[in-house]
Undergrad: 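Got a structure for you, written out below as structure tokens; questions coming shortly.
Since this is a predicted model, take the numbers as computed values, not measurements.
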Amino acid sequence: MSNFDPFAAEWISYAKSPQYTLVEKCLKLSQILEFPNLDISEYIQKLRSLEQGLRDHVSDVKNPIYLVSMLNEYMFDILGFQGDNDDYYNPRNNFLNVVIDKRSGIPITLSIIYIEIAKTIGLELKPVGFPGHFLVKYSEELILDPFNRGSLLDIEDLQDILDATYGEGVEFEPEYLNDVESEKILIRILRNLKGSYIESFNYEKAMHCINMVLGLESESPEDIRDKGIVQLRLLQKDLALISLNRYLELAPEADDVDDILEMIKSIKEKSIQ
């Protein structure tokens, strides 16, 4: 049984190429998974048009607080971008072309657009892979939340985000505000989509997402485990055994080891019957 995924093969060569920007890679992800007729250059041009509007809106003052204020006014008041609180978990919120068109999205996609538009006024913002809620920073003192109209966050706000996401067991750590590289951003989007596809029983698409992640991070235990689970749901029992056993090799101390061992045992017993 073939384990080759042409979707992932096309994605990996594009995602690993230094000639493409993060925005282009996000649009390529959209094209591969859901929008085969998407014209990447058309959406790059749409973004360029938005950036021109901001240039016309801002004076020559280079104070970062002023620039953030102008960026927020332009992106959220004039363009009308907003966080999608009504349909947050809709998988379409992970596709950059959709977010550009409907002017609403989730923290990660809004942050990518926010950073891109900020560049046009010389505001160099960094992506922050904060747990459970993607953010943007100018400096360690200037942390911004594009999902909430670019609001400025302090330590208490960051702890509130952690509490809302994980309960009260996770304390804020300074490394949560580290910059995150492009590949990690793409992996985070793909994992969002993997979860959405699994929830809607679209196992073929979920498998594409898993293979696309593994093309960038080949030894990710979480994704190898999920690959085994999805393979099992696709009735690919032999491949599922390989993936699940590999997961146990990579993460022998994981909390779900007993569950995975039980799953492996069940597959083997059913194969004998």
Undergrad: Could you go through residues 72-84 and list every donor-acceptor pair under 3.5 Å that involves a side-chain atom there, pairing it with any protein atom two or more places apart or in another chain?
TA:
from  : atom 1 : to     : atom 2 : distance (Å)
Asn72 : OD1    : Tyr114 : OH     : 2.6
Asn72 : ND2    : Gly150 : O      : 3.1
Glu73 : OE2    : His57  : NE2    : 2.9
Tyr74 : OH     : Leu50  : O      : 2.6
Tyr74 : OH     : Leu54  : N      : 3.4
Asp77 : OD1    : Arg149 : NH2    : 2.3
Asp84 : OD1    : Asp86  : N      : 3.3
Asp84 : OD1    : Asp87  : N      : 2.9
Asp84 : OD2    : Asn93  : ND2    : 3.2
Asp84 : OD2    : Lys102 : NZ     : 3.1

Undergrad: Between Arg191 and Glu222, is a salt bridge (charged side-chain N to carboxylate O under 4.0 Å, His left out) present by the stated rule, with each step listed?
TA: CA-CA 10 Å; Arg191 284 181 177 151; Glu222 167 195 339; 3.7 Å; yes
Undergrad: Keeping to residues at least two apart or across chains, list the side chain to side chain donor-acceptor pair (under 3.5 Å) pairs with something in residues 252-267.
TA: Arg225-Asp256, Tyr247-Asp256
Undergrad: Kindly state each residue pair satisfying side chain to side chain donor-acceptor pair (under 3.5 Å) with at least one member in residues 164-182, sequence neighbours excluded.
TA: Lys137-Asp179
Undergrad: More than 12 heavy atoms of other residues, nucleotides or ligands under 6.0 Å from CZ of Phe172: yes or no?
TA: yes
Undergrad: Please name the pair of heavy atoms, one in Ser104 and one in Leu110, separated by the smallest distance, quoted to 0.1 Å.
TA: C-CD2, 4.4 Å
Undergrad: How close do Cys209 and Leu193 get, heavy atom to heavy atom, and via which atoms?
TA: SG-CB, 3.8 Å
Undergrad: Considering residues, nucleotides and ligands other than Glu156, do more than 12 of their heavy atoms fall under 6.0 Å from its CD?
TA: no
Undergrad: Does anything in residues 27-38 form a salt bridge (charged side-chain N to carboxylate O under 4.0 Å, His left out)? List the pairs, not counting sequence neighbours.
TA: Glu10-Lys28, Glu34-Lys205
Undergrad: Could you please spell out the steps behind the side-chain contact (heavy atoms from CB on, under 4.5 Å) verdict for Ile161 and Leu153?
TA: CA-CA 10 Å; Ile161 292 172; Leu153 304 180; 4.0 Å; yes
Undergrad: Taking everything shown except Tyr89 itself, do over 12 heavy atoms lie less than 6.0 Å from its OH?
TA: no
Undergrad: So how far is it from Met263 CE to Lys268 NZ, rounded to the nearest 0.5 Å?
TA: 14.0 Å
Undergrad: About how many Å separate CD1 of Ile224 and CD1 of Ile242, when rounded to the nearest 0.5 Å?
TA: 12.0 Å
Undergrad: Judged by atom type as modelled, is there a donor-acceptor pair below 3.5 Å linking the side chain of Thr109 to the main-chain atoms of Gly105?
TA: no
Undergrad: For Asn211 and Lys227, does a side-chain donor sit closer than 3.5 Å to a side-chain acceptor?
TA: yes
Undergrad: Check whether the side chains of Arg48 and Gln45 place a donor and an acceptor atom closer than 3.5 Å, and report yes or no.
TA: no
Undergrad: Compare every heavy atom of Leu125 with every heavy atom of Ala118, then report the nearest pair and how far apart it is.
TA: CB-CD1, 3.6 Å
Undergrad: Side-chain heavy atoms under 4.5 angstrom apart, residues restricted to Ile, Leu, Val, Met, Phe, Trp, Tyr: same cluster for Val257 and Ile229?
TA: yes
Undergrad: Quick one: list whatever passes ring-ring contact (aromatic ring centres under 6.0 Å, His included) with Phe35, sequence neighbours left out.
TA: Phe95
Undergrad: Are any of the side-chain heavy atoms of Phe147 and Leu135 separated by less than 4.5 Å?
TA: no
Undergrad: Distance-only, no hydrogens or angles: does the Lys25 side chain make a donor-acceptor pair with backbone N or O of Ser17 under 3.5 Å?
TA: yes
Undergrad: Please enumerate all residues that pass salt bridge (charged side-chain N to carboxylate O under 4.0 Å, His left out) together with Arg188, with sequence neighbours excluded.
TA: none
Undergrad: For residues 10-33, which residue pairs pass the ring-ring contact (aromatic ring centres under 6.0 Å, His included) check, not counting sequence neighbours?
TA: Tyr14-Tyr20
Undergrad: Just wondering, do Ile112 and Cys26 contact through their side chains at under 4.5 Å, heavy atoms?
TA: yes
Undergrad: According to side chain to side chain donor-acceptor pair (under 3.5 Å), does anything in residues 122-134 pair up with another residue at least two apart or in another chain? List the pairs.
TA: His133-Asp145
Undergrad: Output, in order, the C-alpha distance, side-chain angles, deciding distance and verdict of salt bridge (charged side-chain N to carboxylate O under 4.0 Å, His left out) for Asp223 and Lys194.
TA: CA-CA 9 Å; Asp223 296 286; Lys194 171 186 71 176; 2.9 Å; yes
Undergrad: Determine whether the side chains of Asp39 and Ser41 contain a donor N or O and an acceptor N or O closer than 3.5 Å.
TA: yes
Undergrad: Heavy atoms, side chains only, cut-off 4.5 Å: are Glu24 and Thr21 in contact?
TA: yes
Undergrad: Taking only residues two or more places apart in sequence, or in another chain, which ones meet Arg103 in a side chain to side chain donor-acceptor pair (under 3.5 Å)?
TA: none
Undergrad: Please report the interatomic distance CG(Leu232) to NZ(Lys237), rounded to the nearest 0.5 Å.
TA: 7.5 Å
Undergrad: Taking salt bridge (charged side-chain N to carboxylate O under 4.0 Å, His left out) as the definition, give me every residue that meets it alongside Glu141, ordered by chain and number, with sequence neighbours left out.
TA: none
Undergrad: Are the side chain of Ser111 and the backbone of Pro107 linked by a donor-acceptor contact shorter than 3.5 Å?
TA: yes
Undergrad: Can you name the nearest heavy-atom pair linking Gly215 to Ile12, along with the distance?
TA: CA-CD1, 3.4 Å
Undergrad: Quick check on the hydrophobic clustering: are Phe130 and Leu144 connected, directly or via other members, by side-chain heavy-atom contacts under 4.5 Å?
TA: no
Undergrad: Between Glu217 and Leu214, is there a donor-acceptor pair closer than 3.5 Å when you use the side chain of the first and the backbone of the second?
TA: no
Undergrad: Hey, does Leu241 have a side-chain heavy atom less than 4.5 Å from the side chain of Ser243?
TA: no
Undergrad: Spell out, as yes or no, whether a donor-acceptor pair under 3.5 Å connects the side chain of Gln159 to the backbone of Val170.
TA: yes
Undergrad: When you measure from the side chain of Glu51 to the backbone N and O of Thr120, does any donor-acceptor pair fall under 3.5 Å?
TA: no
Undergrad: With the 4.5 Å side-chain cut-off for hydrophobic clustering, are Ile185 and Val99 part of the same group?
TA: yes
Undergrad: Quick one: are Leu162 and Pro131 in side-chain contact, heavy atoms under 4.5 Å?
TA: yes
Undergrad: Enumerate the residue pairs fulfilling ring-ring contact (aromatic ring centres under 6.0 Å, His included) with a member in residues 182-220, sequence neighbours excluded, ordered by first and then second residue.
TA: Phe7-His208
Undergrad: Linking I/L/V/M/F/W/Y whenever any side-chain heavy atoms sit under 4.5 Å apart, do Leu177 and Leu123 land together?
TA: no
Undergrad: Please tell me whether Asp101 and Tyr43 have a donor and an acceptor in their side chains that are separated by less than 3.5 angstrom.
TA: yes
Undergrad: Do Ile260 and Asn245 have side-chain heavy atoms sitting under 4.5 Å apart?
TA: no
Undergrad: I need the minimum non-hydrogen distance between Leu33 and Met212, along with the two atoms involved.
TA: CD2-SD, 3.9 Å
Undergrad: Would you say Ile100 and Phe134 are hydrophobically clustered, going by side-chain heavy atoms of ILVMFWY under 4.5 Å?
TA: yes
Undergrad: Check salt bridge (charged side-chain N to carboxylate O under 4.0 Å, His left out) between Asp157 and all other residues, then give those that pass, not counting sequence neighbours.
TA: none
Undergrad: Are the side chains of Val128 and Val180 in contact, using a 4.5 Å heavy-atom criterion?
TA: no
Undergrad: Below 4.5 Å, heavy atoms only, C-beta onward: do Val230 and Ile210 meet side chain to side chain?
TA: yes
Undergrad: Which atom names give the shortest non-hydrogen contact between Gly228 and Ala240, and what distance separates them?
TA: O-CB, 3.4 Å
